[in-house]
Amino acid sequence: MPIYALVDGNSFYASCQIAFQPELINRPVVVLSNNDGCIVAANSIAKNLDLTHTPANSLGSGGYRAASPSSMMFQPFFKVAPLLKKYNTAVFSSNYELYADMSQRMHNISAQFAFRQEIYSIDESFLDFTGLPKENLESHAIKLKQRVFQWIGIPVAVGIGHSKTQAKLANHLAKKQANGVLDLTQMQTSTLHALYKQVKVKNIWGVGRQLSQQLTEQGIETAYDLIKCDPKSLRKRFSVNIERIALELNGQACLSFHESPANKQNIVSSRSFGQNVTEFSVMREAVSSYVATAAEKLRKQHGTCQAVTVFITTPPYQTRLPQYRNQYTLPLIYPTDSTILLTKIALRALQHIWQPGYQYQKASVMLSNIQNKTSLQTDLFAPNPQYSGNPKSDRLMKTLDKINQQMGKNTLQLASSGLQKNRWKMNRNLISKRYTTNWQELLTVKAN
DNA sequence: TCTGGGGTCCTAGGACCC
DNA sequence: TCTGGGGTCCTAGGACCC
């Protein structure tokens, strides 16, 4: 039987901020989404703030009542700002450069504790503990937790189980444990089942809002209820996913372990604007920029794509404004990774859907039909390829990427994505320093 | 005049994840 | 004034093939 651990950074973005400002440890701390739109991370103090104390009119029509402590998450910032201020909350714009670097450090430390690691997200990794001495798994995990905290100041929780779903569940429960670690593999079946009886289905990995409602309606309310069902009948009544979840909870691993990340099948670059966009020339610039970002990612995984989708929308929440949203996909005859060609195609798609007279809030670019560049099918009848597989284009793109990597993003860019950035760039008014990736923003330490 | 059965591929939409 | 971004997998239905 395999044994997996899940290591997860607690309130990761908030913890990254606190790591560099330890004086925040006893204050509520929240981190905002792009554009300072809504709350995407909160330390436990902030999660426990009572939203019901906010004046009703500042929480929209009819007032708002908190359903649970973590309902702080995904609240629009402007609605809860007065409450946050009242509680002396430290509020940060998201600083992905900082979080990505801290993430790498956290994953590197975790990796030292197992032969195999699967990096699952910015703040989570699975470790393969199979073959380690079974009775010591818990102390092994405690060492890991201590080392991460000592080295980079990030608190983590570790859950251990016979499947990924079990490890996830153990991690969820570990956060309530004093030592932040929980090993389900050494537990008596009766103890495990008693534990499962306390876990609501909505807290199981893979069960979201819809499924938990459907399950509950059929009398399956806890993890225990789920494992007591016949897996085949679960598949019939719900889906293969639920069957798999039940098996995994029973300790039968169905989801495999992936050491190296798979290449993306789709690459999206999508962003809300700092202010609504009304002019085509400004929208054009934003779309060009997003293409550049997506194409750079594409080349990083040595891929080419064969379709480009552009999507634009007005703000869905501002219902007083006339609403419009549309998308258009253009296929390419030959696969490419050239920012120049992809920009041309994307702008053509934008032309198709652009309607003047609206206030646009957001645009997205998606590259799809991605294939590996090295295994490309060549077309016998293709004219001399102008962009992909063309040595001149390849050299140009390589140079572009190299310069931007060494000198900073957007050092070199197409003119079409350039001149009026302040008309659409996102707001990040409350951003912290990039303590670990920028020489100008290192932490200053004073000796008195 | 009658008109089966089995299969693949593609796409759109839904549900989920962090 | 102000509400994120980036993915995956599964399923159902239609087109098409033999």
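Just so you know, these numbers use all the heavy atoms, side chains as well, and skip hydrogens, waters and symmetry mates. Computed from a prediction, not measured in an experiment: that's the story for all the values here. Order of the sequence lines fixes the chain letters, A, B, ..., with proteins taken first and strands second; residue numbering starts at 1 for each chain.
For A:Gln210, counting side-chain heavy atoms from C-beta on, the closest listed nucleotide (B:dA15, C:dC2, C:dG4) is B:dA15. Counting only heavy atoms from C-beta on, A:Lys79 has its side chain closest to C:dT3 among B:dC18, C:dG7, C:dT3. Candidate nucleotides C:dT8, B:dC16, C:dC10 were compared by shortest atom distance to the side chain of A:Asn266, and C:dT8 ranks first. Here the side chain of A:Cys38 is nearest to one of C:dT8, C:dG5, C:dG4, namely C:dG4. Across C:dC2, C:dG6, C:dG5, the shortest atom-to-atom separation from the side chain of A:Asn34 is found for C:dG5. Among the nucleotides C:dC9, C:dG7, C:dC2, the one closest to the side chain of A:Lys297 is C:dG7. Proximity note for A:Ser270 (side chain, C-beta onward) versus C:dG7, C:dG4, C:dG5: the nearest is C:dG5. Distances from the side chain of A:Ser239 to the nucleotides C:dG6, C:dT3, C:dT11 place C:dT11 closest. When the nucleotides C:dG4, C:dG6, C:dC9 are ranked by their closest atom to the side chain of A:Gln265, C:dC9 comes out on top. In this structure, the nucleotide among C:dG6, C:dC10, C:dG7 sitting nearest to the side chain of A:Ile267 is C:dG7.
Residue A:Gln318 has a polar side-chain atom (N or O) positioned under 4.0 Å from OP1 or OP2 of C:dC2. A:Gln214 has no side-chain polar atom (N or O) that falls below the 4.0 Å cut-off from OP1 or OP2 of B:dA15. Checking the phosphate oxygens (OP1, OP2) of C:dG5, no side-chain nitrogen or oxygen of A:Ser269 falls inside 4.0 Å. Under 4.0 angstrom from either OP1 or OP2 of C:dC2 there lies no side-chain N or O belonging to A:Gln275. Residue A:Ser33 places no side-chain N or O under 4.0 Å from the OP1 or OP2 atom of C:dG5. Regarding contacts with the backbone of C:dC9, every side-chain N or O of A:Arg244 stays at 4.0 angstrom or more from both OP1 and OP2. The phosphate of C:dG5 (OP1 or OP2) has a side-chain N or O of A:Lys362 nearer than 4.0 angstrom.
Rounded to a whole angstrom, the distance from the C1' atom of B:dC17 to that of C:dG4 is 15 Å.
A:Lys202 comes within 4.0 angstrom of nothing in the nucleic acid, heavy atoms only. At the heavy-atom level, A:Ile204 lies under 4.0 Å from the strands shown only through sugar-phosphate atoms. No engagement by A:Ile122 is indicated, since no non-hydrogen atom pair under 4.0 Å with the nucleic acid exists. Counting any heavy atom pair closer than 4.0 Å across all strands shown, A:Tyr120 reaches sugar-phosphate atoms only and no base atom. Among the heavy atoms of the strands lying under 4.0 Å from A:Gln361 are primed sugar atoms or P, OP1, OP2 only; no base atom is included. Using a 4.0 Å heavy-atom cutoff across all strands shown, A:Asn241 reaches sugar-phosphate atoms only and no base atom.
Judged by distance alone, the side chain of A:Gln17 and the main-chain N or O of A:Val29 form no donor-acceptor pair under 3.5 Å. At least one donor-acceptor pair under 3.5 Å links the side chain of A:Asp36 to the backbone N or O of A:Asn429. In this structure, the side chain of A:Ser239 engages the main chain of A:Asn241 through a donor-acceptor pair within 3.5 Å.
Between A:Ile267 and A:Cys305 the shortest side-chain heavy-atom distance does not fall below 4.5 Å. The side-chain heavy atoms of A:Lys164 and A:Glu118, taken from C-beta on, include a pair separated by under 4.5 Å.
As rounded to whole Å, 20 Å separates atom P of B:dA15 from atom CD of A:Glu243. Nucleotide B:dT11 holds its P atom 12 Å from the CD atom of A:Gln306, rounded to whole Å. Computed from coordinates, the A:Tyr328 OH to B:dA12 P distance equals 13 Å when rounded to whole Å.
Considering A:Phe113, A:Tyr120, A:Tyr4 in turn, A:Tyr120 is the only one that fulfils the ring pair (Phe, Tyr, Trp, His ring centres under 6.0 Å) rule with A:Phe126.
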Q.
Show, in sequence, the C-alpha distance, side-chain angles and deciding distance for A:Lys232 and A:Glu243, and conclude whether the salt bridge (charged side-chain N to carboxylate O under 4.0 Å, His left out) test is met.
A. CA-CA 7 Å; A:Lys232 288 285 166 247; A:Glu243 179 193 24; 2.9 Å; yes
